[in-house]
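Only one structure is covered here, and it is reproduced in the block below.
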Amino acid sequence: MTFSGTWKVEKNENYEKFLEAMGVNAVKRAAASVDKLCLTISQDGDSFTVKESSLIRTTEFTFTLGAAFDASLADGSEVNGSWTLEGSKLVGKFARKDNGKIITTTREVVDGKLVQTMNFEGVEGKRIFKKQ
């Protein structure tokens, strides 16, 4: 399954509740819920480059499947973890550096859309992206 391409958020499901569970303040949650995040993903075998562009910030990072790396989330949280490929799904497991709690993110292409499902402390949120 290829994830390469540019994807723009089309809709969110339970995203604000997920952010609340993460400890994101109300102002940032409100901004994030209307933000039209754009992901540009380039895949070359086991290597991925992801550019995230939003109203809040633009970042770019590169990772190799199975290799741990540090990252900074849009809310300022610092995490460490890795992405793996499980069947046709990209699965990311990241530990927050401030409290060690795990954030799990799954990305999969379903009916031509990129579905990103995030889970933190049992609270699940989804962002559905349309290919540009």
Side-chain angles (χ1 to χ4, degrees):
M1 179 62 61
T2 182
F3 294 90
S4 294
T6 299
W7 307 86
K8 188 170 185 175
V9 166
E10 185 175 62
K11 70 178 183 172
N12 297 317
E13 296 175 3
N14 207 43
Y15 187 54
E16 278 196 68
K17 291 288 184 192
F18 166 77
L19 293 174
E20 184 177 9
M22 291 266 303
V24 176
N25 71 46
V27 173
K28 287 184 180 179
R29 287 195 314 265
S33 68
V34 296
D35 184 25
K36 295 299 181 188
L37 176 67
C38 188
L39 298 175
T40 301
I41 302 172
S42 300
Q43 179 183 355
D44 183 13
D46 287 350
S47 181
F48 289 77
T49 299
V50 180
K51 180 178 180 182
E52 298 179 350
S53 302
S54 71
L55 294 172
I56 299 169
R57 70 183 190 154
T58 297
T59 60
E60 186 172 315
F61 58 95
T62 300
F63 65 88
T64 301
L65 293 175
F69 65 97
D70 292 327
S72 176
L73 304 179
D75 71 346
S77 300
E78 297 291 323
V79 297
N80 178 273
S82 65
W83 288 93
T84 57
L85 193 59
E86 297 180 12
S88 62
K89 298 178 184 180
L90 266 178
V91 179
K93 293 184 182 174
F94 295 89
R96 288 179 57 138
K97 290 185 177 183
D98 61 348
N99 60 21
K101 293 182 179 180
I102 303 296
I103 303 159
T104 304
T105 301
T106 302
R107 289 178 176 157
E108 62 183 315
V109 178
V110 178
D111 295 329
K113 301 201 181 203
L114 180 68
V115 178
Q116 177 174 289
T117 305
M118 301 148 297
N119 190 296
F120 182 74
E121 295 283 282
V123 179
E124 184 176 279
K126 285 188 181 182
R127 302 195 91 182
I128 293 115
F129 296 80
K130 183 178 182 180
K131 198 164 195 176
Q132 301 298 291

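All values derive from a computational prediction rather than experimental measurement. Hydrogens, waters and symmetry mates play no part in the numbers below; they use all other heavy atoms, side chains included.
In this structure, the side chains of Lys97 and Asp70 come closer than 4.5 Å at one or more pairs of heavy atoms. In this structure, Phe3 and Leu39 have side chains that are not in contact, with every pair of non-hydrogen atoms separated by 4.5 Å or more. Using a 4.5 Å cut-off on side-chain heavy atoms (C-beta onward), Ser53 and Lys51 make contact. When side chains are defined from C-beta on, Ile103 counts as touching Val79, because their heavy atoms get closer than 4.5 Å.
Cluster membership for Tyr15 and Leu73, using ILVMFWY side-chain heavy atoms within less than 4.5 angstrom, is shared.
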Pair Phe94-Phe69, ring pair (Phe, Tyr, Trp, His ring centres under 6.0 Å): steps then yes or no:
CA-CA 9 Å; Phe94 295 89; Phe69 65 97; 5.6 Å; yes
Are Val115 and Arg107 close enough, and set up right, to give a side-chain contact (heavy atoms from CB on, under 4.5 Å), and what steps lead you there?
CA-CA 6 Å; Val115 178; Arg107 289 178 176 157; over 6 Å; no
Can you check side-chain contact (heavy atoms from CB on, under 4.5 Å) on Trp7 and Gln116, steps first, answer last?
CA-CA 11 Å; Trp7 307 86; Gln116 177 174 289; over 6 Å; no
Any chance you could lay out the side-chain contact (heavy atoms from CB on, under 4.5 Å) test for Glu124 and Thr117, step after step, and finish with the verdict?
CA-CA 7 Å; Glu124 184 176 279; Thr117 305; 3.4 Å; yes
Show the numbers, then the answer: is there a side-chain contact (heavy atoms from CB on, under 4.5 Å) between Asp75 and Leu19?
CA-CA 9 Å; Asp75 71 346; Leu19 293 174; over 6 Å; no
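Of all non-hydrogen atoms in Arg29 and Val24, the two that sit nearest each other are NH1-O, 2.6 Å. Scanning all heavy atoms of the two residues, the minimum distance from Ala30 to Ser33 falls at O-OG, 2.9 Å. Between Lys101 and Phe120, the shortest heavy-atom contact is CB-CE1, 3.6 Å. Residues Gly100 and Ala95 share a closest heavy-atom pair of O-CB, 4.0 Å. Here the closest heavy-atom approach between residue Ser82 and residue Gly66 is recorded as CB-C, 4.1 Å. Closest of all the heavy-atom pairs between Asn12 and Ala32 is ND2-O, 4.4 Å.
Side-chain atoms of Ser47 never come within 3.5 Å of backbone atoms of Asp44 as a donor-acceptor pair (strictly under, hydrogens ignored).
Atom NZ of residue Lys89 and atom CH2 of residue Trp83 lie 13.0 Å apart, to the nearest 0.5 angstrom. Atoms CG and CG, from Leu85 and Asp46 in turn, are 8.0 Å apart once rounded to the nearest 0.5 Å. Rounding to the nearest 0.5 Å places CG of Leu114 at 9.0 Å from CD of Glu108. Rounded to the nearest 0.5 angstrom, Leu90 CG and Thr84 OG1 are separated by 8.0 Å. One finds the CD atom of Gln43 at 3.5 Å from the CZ atom of Phe48 (value rounded to the nearest 0.5 Å). To the nearest 0.5 Å, the span separating CD1 on Ile41 from CD on Glu52 amounts to 8.5 Å.
Here Lys126 pairs with nothing under the salt bridge (Lys or Arg N to Asp or Glu O under 4.0 Å) rule; sequence neighbours left out. Residues passing the salt bridge (Lys or Arg N to Asp or Glu O under 4.0 Å) test with Glu78: none are found, sequence neighbours excluded.
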Please set out all donor-acceptor pairs under 3.5 angstrom arising from side-chain atoms of residues 58-65, sequence neighbours excluded.
from	atom 1	to	atom 2	distance (Å)
Thr62	OG1	Thr49	OG1	3.2

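Salt-bridge annotation for Asp111 and Lys113: absent, with no side-chain N of the basic residue lying under 4.0 Å from a carboxylate O of the acidic one. Comment: Glu10 does not engage Lys8 in a salt bridge, judged by the lack of any side-chain N to carboxylate O separation of less than 4.0 angstrom.
Among the candidates Met118, Lys17, Arg96, the single residue satisfying the side chain to side chain contact (heavy atoms under 4.5 Å, CB included) test with Met22 is Arg96.
The number of heavy atoms from other shown groups lying within 6.0 Å of NZ (Lys130) does not exceed 12.
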